[in-house]
Amino acid sequence: QADNAYAFQIKNEEATDDRSFGLLIHAGSTATDRGLTINTHDGGAALFYVQGNGQALFTDGSASLPSITNNGDVNTGIFFPAADTIAFAEGGAEAARFDSSGRLLLGNTDGSYASANADNIVMGNRSSSAESGITLGSTVGSSLRFADAGAIQQGIIQYVHNDTSNTDYMNFFTAATERLRIDSSGKVGIGTTAPSDKLEIDVAGSNTGLTLTDNGDGFFPQIKLDANRSGAGQGLGKFSWHWNGTEVARIEGGAGVDATNKDDGSLLFNTKASGASIATQMTILHDGTVSVDRGNLVIGTSGKGIDFSAG
């Protein structure tokens, strides 16, 4: 044969449409008989088979030479690196595989470092500094949904770019009900979809709130209010009580008098009378002095005490 010439050609043209046939090969007497075999150029190994049961059998291939590829990009395609394993190559490198356990491995060939209860999809290589992740794109919203035998979306983690009234918020559902929301400004709402502060908890008809506990290891729960202040007497933090939106009482922690060392402080107790403004009623100074600004200081039986009222 001359160079670049076909060793064998079949061409059958019929004048009638759908009646032109090229080559018919009978595969033999059993399902595994090979009706067609293609060997390497030197005849040393078989590259491709067609069996009597209709299966096409390919060599295992590799990431650099996948066994199923296309004519113009021969280092991209499908290969079979191990038993019961299918892998995908791009540019001569493995990009993904389904292993013998049915796991999808992206960017790695061994998902053993993943938890046995969370390894259906394993992304990234733990020995590589390259970052890995998932991006969900939409002009409206994207979510991860968790189903059980009774419902298709019992749990949801959702980001909403735009709905009928709000934009750019993230919410979390359990038992098919929204429990927590982070709005576009970073405010967190628990039991509310419209938080008005950095953290708002709506107890929604139950006497619940925030509880800090200790598990018995000798440490104790605490709430820390820390503020950077330059002058004496400035506020450091407060607990505030509101009645239908109106502040009626608060306890304030304030800086003391040592503006150099900033290591002393005071407590102010404030209440509000009907129709009046909220005002400081008592102060505990940095040195322990208790100052009662107005009203009665009653110790013991109601009505017996010291009257600090003006006049």
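Between the CG atom in N171 and the CG atom in D183 there is a gap of 11.5 Å [rounded to 0.5 Å]. Rounding to the nearest 0.5 Å gives a distance of 12.0 Å between CZ of R103 and CD1 of I121.
Side-chain atoms of T69 come within 3.5 Å of backbone atoms of T76 as a donor-acceptor pair (strictly under, hydrogens ignored). In this structure, the side chain of S143 does not engage the main chain of R145 through any donor-acceptor pair within 3.5 Å. Panel note: side chain R181, backbone A194; no donor-acceptor pair is recorded below 3.5 Å.
Sorted by first and then second residue, the ring-ring contact (aromatic ring centres under 6.0 Å, His included) pairs with a member in residues 55-95 read F48-F58; sequence neighbours excluded.
No more than 12 heavy atoms of other residues, nucleotides or ligands lie within 6.0 Å of CD1 in I152, so this atom counts as exposed by the packing criterion. Counted within 6.0 Å of CG on D217, heavy atoms from surrounding residues, nucleotides or ligands total more than 12; the atom is thus considered enclosed. For CD of Q234, the number of neighbouring non-hydrogen atoms (other residues, nucleotides, ligands) closer than 6.0 Å is greater than 12. Within 6.0 Å of CG on N228 lie no more than 12 heavy atoms contributed by other residues, nucleotides or ligands.
Tracing side-chain contacts under 4.5 Å through hydrophobic residues (I, L, V, M, F, W, Y), one never reaches L136 starting from F173; they form parts of separate clusters.
When all heavy atoms of E94 and A63 are compared, the closest pair comes out as N-CB, 3.8 Å. In terms of heavy atoms, L104 sits closest to A96 at CD1-CB, 4.4 Å. Taking both residues in full, the closest heavy atoms of T32 and Q51 are given as O-OE1, 3.8 Å, listed atom of the first, atom of the second, then distance.
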